[in-house]
2 protein chains.
Amino acid sequence: MAAGGGDKGGRVTMAAIGRLAGVSQVTVSRALSDPSKVSADTLRRIREAIDQTGFVPNALAGALVSRKSRLISALVPSITSIVYSAMVQAFGERMRAKGYQILLSETGSAPEDEEDAIMLHLSRRPDAMMLTGIHHSPKARKVLLGAGIPVVELWDVTESPIDLCVGFSHGAAGRAAADFAADAGYRRAALVHAGDERALRRKDAFAERFRQRTGQDPAEINLNAPASLGQGRLALSRLIEETGFGGGLIFCSSDLLAHGVVTEAQARGLRIPQEIGVLGFGDQEFAAHVEPALTTLSVDREALGRQAAEALLCRIEGEPIDRPIFDLGFKLVRRDSA
Amino acid sequence: MAAGGGDKGGRVTMAAIGRLAGVSQVTVSRALSDPSKVSADTLRRIREAIDQTGFVPNALAGALVSRKSRLISALVPSITSIVYSAMVQAFGERMRAKGYQILLSETGSAPEDEEDAIMLHLSRRPDAMMLTGIHHSPKARKVLLGAGIPVVELWDVTESPIDLCVGFSHGAAGRAAADFAADAGYRRAALVHAGDERALRRKDAFAERFRQRTGQDPAEINLNAPASLGQGRLALSRLIEETGFGGGLIFCSSDLLAHGVVTEAQARGLRIPQEIGVLGFGDQEFAAHVEPALTTLSVDREALGRQAAEALLCRIEGEPIDRPIFDLGFKLVRRDSA
DNA sequence: GATCAGGATGAATGCGCTATCAGCTTCGCA
DNA sequence: TGCGAAGCTGATAGCGCATTCATCCTGATC
């Protein structure tokens, strides 16, 4: 262990601080939660005792009795993806400013893992919960509703959220991409994606709209793997070698994949955007700075996180919310890759 | 609120489940913590009651009395940097497999923020704590020692850890980079970094060694901003325009900056590695796949996280650790950029 | 001097659970 | 038939704190 323990054999509690300062446990509690309720002299003695002993209040006990844990639970598929980490960062920053801590778990992509994680999180009695996506198991929905806490679902919109949702329509995003492709004169298209549920919906919407507009079916590469530059390069190789893709617009499910496609295209001497156009998704920082700069669907990840935090805080503080569905939209940013 | 509450007005507790199943609260507790201690029939009735009510045990109360929260606290400067998020992911995965949850906070780079975060985390009575770096305020050290829990410091090594440390020597890394530069025949060098404390130590070690080996002082650009591709491009521009850098090896504090430097060099028509060599740090996924592939100092972030988890688990389970300092080293991976 | 408002403090209570010890069956075996 | 062992269950006692209510003091007001 790191330690030789506290001051004495027993651990330091408010009662112990009280004994040192010559007051009761209650007064110590008051001194910490609302110093104005305690006389200046008492406050000074209590603070001295705290400094002396290195006392750290036990938030477990506090939360147990007050029924307020000041803990917000957050579930994301992965934190190594900037997509989610930037959102969680903005979310957490806002929550921390309001005195809440974040209990964060990765759920992967399997719904049953999410269910387990939800149960584990609820057992810590969080004051609110943030989930990614709008698809959850029936049991998850049930326990969430039963928990009686505000819940926000992120990265998507639905008319029937568990409680609140903040996101944008992936169908609309896919259609916007297809319209862009058709308007820009592309007569062929391909879809490269990592296989996650929301990417699939963008892809399907793209395919349908592109077919309507051009009469052509896009080729498709489902990588079924976390997005990475290497996977993006691989995707273009497979597109060319497996499907005989000879040019057109490639709509990627993330900027990282798009960057990989661009890199592979350059390595093969293919000209961008003349021979192939590349459309990314997310508008991550690097998108504007690579060569050629990526044309991409821009999503404000920080705004998603902030808005989610704001909505939950309203709920926690009992303020009315006129509409629990926040559609933050997206923007197509045209640069040089398509 | 999301909910209309539980089944009744009051909330569901073990006592309520017991009433439903016709047993006492204690038996419910046993059924959950060790089902073998309860008869098959009782177990079935308890499980039915739990399913019916959607009961979720209150881990706050459990932790309060058992003095085991099954919570591990983790403090990192930022989760949007893959450097830390990949490490936390590996750390969390191992811990989750052992039944622990992670309480994660971002501390930024200010030491006083870390101190606040440590106090907040300790108030939740975690079973162990993971910190980034080996520099902490005296007060932080004191409360950490007083908490009596295992502590691991990550990303660096020191002879005097608070409890455990897992990392590598940044001085050695900087020197290895300088030796590589000198051995490869570079007579000029430049240092591009984001300004964080560990990058500064690598930089200083590089500068000193490079001077010894070549008699030359490296140029330096301190970006004082989170590493990004755009910052990397900016850095090369500044290097050329402010310091008149005309060629040599550029040692970057991260692969992302290195990638930016490479991108800017290509945009300016500079040949790599003939005119300028670029050495990255971290060996992130994309390093091997960009063109030219990045030469970089490889650090196994997942191994850091895993080893940290393993060491903490040993401490928690009371197993002996012969040496609390784990130096996991680094590797120089030569590819095409230098 | 009596009365009262307001500030400062403390005693008692219980949040929901685990740990401990004690009680009750049942069964095997002498 | 008796008796200990083993299996199952319950009563009780806190964990450390916030909440509630009661108490005491001070000073202002009539």
Side-chain angles (χ1 to χ4, degrees), chain A residues 6 8-46 49-50 53 55-71 99 120 122-127 147-148, chain B residues 6 8-46 49-50 53-71 99 122-127 147-148:
Chain A
K8 318 164 298 176
R11 37 192 60 65
V12 188
T13 65
M14 283 192 182
I17 299 296
R19 244 171 281 130
L20 267 173
V23 295
S24 75
Q25 174 264 123
V26 196
T27 303
V28 178
S29 172
R30 268 192 287 255
L32 290 174
S33 64
D34 184 357
S36 75
K37 285 186 181 165
V38 161
S39 77
D41 187 56
T42 303
L43 188 57
R44 188 185 46 72
R45 291 202 319 277
I46 290 177
I50 290 178
T53 53
F55 168 66
V56 180
N58 186 328
L60 298 175
L64 181 60
V65 46
S66 71
R67 301 168 178 298
K68 271 173 257 154
S69 62
R70 303 204 71 81
L71 202 60
L120 269 173
L122 285 180
S123 76
R124 309 267 177 198
R125 296 297 186 266
D127 290 341
Chain B
K8 320 162 297 176
R11 37 193 61 64
V12 188
T13 65
M14 284 192 181
I17 298 297
R19 244 171 281 132
L20 266 173
V23 295
S24 76
Q25 174 267 123
V26 190
T27 303
V28 178
S29 172
R30 266 191 289 256
L32 290 174
S33 64
D34 184 358
S36 76
K37 284 187 183 166
V38 161
S39 78
D41 187 57
T42 304
L43 188 56
R44 187 186 45 70
R45 291 203 317 279
I46 289 176
I50 290 177
T53 53
F55 169 66
V56 180
N58 187 327
L60 298 176
L64 181 60
V65 45
S66 71
R67 301 170 178 297
K68 271 173 255 153
S69 62
R70 303 203 71 81
L71 202 60
L122 286 180
S123 77
R124 308 268 176 199
R125 295 298 185 263
D127 291 342

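Per chain, numbering begins at 1; letters A, B, ... match sequence-line order.
- The interatomic distance linking B:Lys68 (NZ) with D:dC15 (C1') rounds to 13 Å, in whole Å.
- With DNA chain D read from its 5' end, the first of the two nearest nucleotides for A:Ala63 and B:Ser36 is the one closest to B:Ser36.
- Under 4.0 angstrom from either OP1 or OP2 of D:dG10 there lies at least one side-chain N or O belonging to B:Thr27.
- Nucleotide D:dG7 holds its P atom 12 Å from the CG atom of B:Asp34, rounded to whole Å.
- The phosphate of D:dT9 has OP1 or OP2 within less than 4.0 Å of a side-chain N or O from B:Ser39.
- Set against D:dC17, D:dG16, D:dG10, the side chain of B:Val23 has D:dG10 as its closest nucleotide.
- Nearest-nucleotide positions on DNA chain D place B:Arg45 closer to the 5' end than the other of B:Arg45 and A:Thr13.
- Of the residues near DNA chain C, B:Ala15 and A:Gln25, the one whose nearest nucleotide (by heavy atom distance) lies more toward the 5' end is A:Gln25.
- Of the side-chain N and O atoms in B:Arg125, none sit less than 4.0 angstrom from OP1 or OP2 of D:dC15.
- For A:Met14 and D:dG16, the CE to P distance is 12 Å, given to the nearest whole Å.
- The distance from the CG atom of A:Leu43 to the NZ atom of A:Lys37 is 13.5 Å, given to the nearest 0.5 Å.
- B:Arg45 approaches B:Val23 most closely through the heavy-atom pair NH2-CG1, 3.7 Å.
- The distance between atom NZ of B:Lys37 and atom P of D:dG10, rounded to the nearest whole Å, is 15 Å.
- Counting distance only, with no hydrogens placed and no angle test, the side-chain atoms of B:Arg30 and the base atoms of D:dG10 include a donor-acceptor pair under 3.5 Å.
- At a threshold of 4.0 angstrom between heavy atoms, the contacts of A:Thr42 are confined to the sugar-phosphate backbone, with no base atom among them.
- For B:Ala63 against A:Leu60, the heavy-atom pair with the smallest separation is CB-CD1, 3.6 Å.
- Legend: residues meeting side-chain contact (heavy atoms from CB on, under 4.5 Å) with A:Val26, ordered by chain and number and at least two apart, are A:Ser24, A:Arg30.
- Following rounding to the nearest Å, B:Asn58 (CG) and D:dC17 (P) show an atom-to-atom distance of 17 Å.
- A heavy-atom distance below 4.5 Å is not found between the side chains of B:Phe55 and B:Leu20.
- One interatomic measurement links the two molecules: CG of A:Leu32 to C1' of D:dA18, which rounds to 12 Å at whole-angstrom precision.
- For the pair A:Leu64 CG and D:dT19 C1', the interatomic distance rounds to 13 Å; values are reported in whole Å.
- Remark: side-chain polar atoms of B:Arg125 are paired, donor with acceptor, to backbone N or O of B:Leu122 under 3.5 angstrom.
- Contacts between chain A and DNA chain C, taken as any atom within less than 4.0 angstrom of a protein heavy atom, begin and end at C:dA8 to C:dG16.
- Here the closest non-hydrogen pair linking A:Val38 and A:Ala31 is CG2-N, 3.9 Å.
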